[in-house]
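There's a structure below that I have some questions on.
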Amino acid sequence: MLHVERITIPNPLKNYNHLLVCTETNEAMMIDPADASRCIAVAKKNGWKITQLVSTHEHGDHICGNDDVVKACQCPLSAPIEAQASIPRVDHWLKHGDTVQVGNITLNVLDTPGHTMSHICLYHDSDNPVLICGDTLFNAGVGNCYSGDSAVLYESIAKFICDLPDKTRIYPGHDYIENNLEFAAVREPDNTRISELLDEVSQQTPDTRLVTDLGMERKINPFFRLSNPSIRKGLLNDFPEMGNSDKDIFIHLRKLRDVW
Ligand SMILES: [Zn+2]
């Protein structure tokens, strides 16, 4: 079975680092270490051996711990093939349709550019499906596109994430749910699920933060609710010239979230 250990990094960017553990072999795959020593200590304490390291994308806060993990654990590093110019010392380049393996656990590589133009997610297809989404998708939001392209992010999510099962638990690279819910509440003020969840989340700490699934995201995340009348009406007030396709709605929501 796959166990996902979410490790809170107490930095200003509120990173979450993840260890994907095969509970049968106690082997672990490290994802995007921002603080290598903290992650290695968690693995050691639990008796897990880090045998794989994967980068979802090239941003410094996701790859800065790579060298220290490789040095301490002697494990190979895998990263998206489009990041050949930007992620150093990679052993295996990953492309869409590849799989990665830790112990008896297999994960599928999804090519999801948009936040950066090279970005992968990992999907574990099982009775308890899991999506490791880096900065593509967040709880109640999506990644920024300052070094990417919001139209491309829309396509990635529409193609590879929208059709995954409701029960898919999502594990993004940052703890941004509170801010994202505040934005969502403004865009869709009549959605009581958003305000209720915001109350709940505001009582939590980064360590106790709710893990959402895609079923919940479809109810509260504006970027999954592109045909919602309130969201559309509000956006058309702000951008009267905009088109009305789902992609237009997504891109303009992202524009507003950028300046939120
Ligand atoms: Zn990033």
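In each ligand, atom 1 is the first atom listed, and ligand 1 is the first ligand listed. Note that the structure is predicted; figures quoted are calculated from it, not measured.
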Rounded to 10 degrees, the angle NE2 of His115 makes with NE2 of His57 at the Zn ion (ligand 1):
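Result: 100°, to 10°.
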Check His59 and report its N/O/S atom nearest to the Zn ion (ligand 1), by atom name.
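This residue's closest N, O or S atom turns out to be ND1.
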Would you say the side chains of Glu217 and Thr212 form a donor-acceptor pair under 3.5 Å?
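Judged by distance alone, the side chains do pair up.
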We want to know whether Ser37 and Asp35 form a side-chain donor-acceptor pair, criterion being a heavy-atom distance below 3.5 angstrom.
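Yes, a side-chain donor-acceptor pair sits under 3.5 Å.
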Quick check: does His62 have an N/O/S atom under 2.8 Å of the Zn ion (ligand 1)?
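Within the cut-off used here (under 2.8 Å), His62 places no N, O or S atom near the Zn ion (ligand 1).
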Classify the angle between the aromatic ring planes of His62 and His59 as parallel (below 30°), tilted (30 to 60°) or perpendicular (above 60°).
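His62 and His59: tilted rings.
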Between Asp61 and the Zn ion (ligand 1), is there a contact where an N/O/S atom of the residue lies under 2.8 Å from the metal?
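No N, O or S atom of Asp61 is closer than 2.8 Å to the Zn ion (ligand 1), so no.
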Over 60° means perpendicular and under 30° means parallel, so tell me whether Tyr16 and His18 are parallel, tilted or perpendicular.
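Tyr16 and His18: tilted rings.
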How is the N/O/S atom of Asp135 that comes nearest to the Zn ion (ligand 1) named?
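Closest to the Zn ion (ligand 1) among those atoms: OD2.
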Between Ser195 and Thr192, do the side chains contain an N or O donor and an N or O acceptor separated by less than 3.5 Å?
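No, no side-chain donor-acceptor contact under 3.5 Å.
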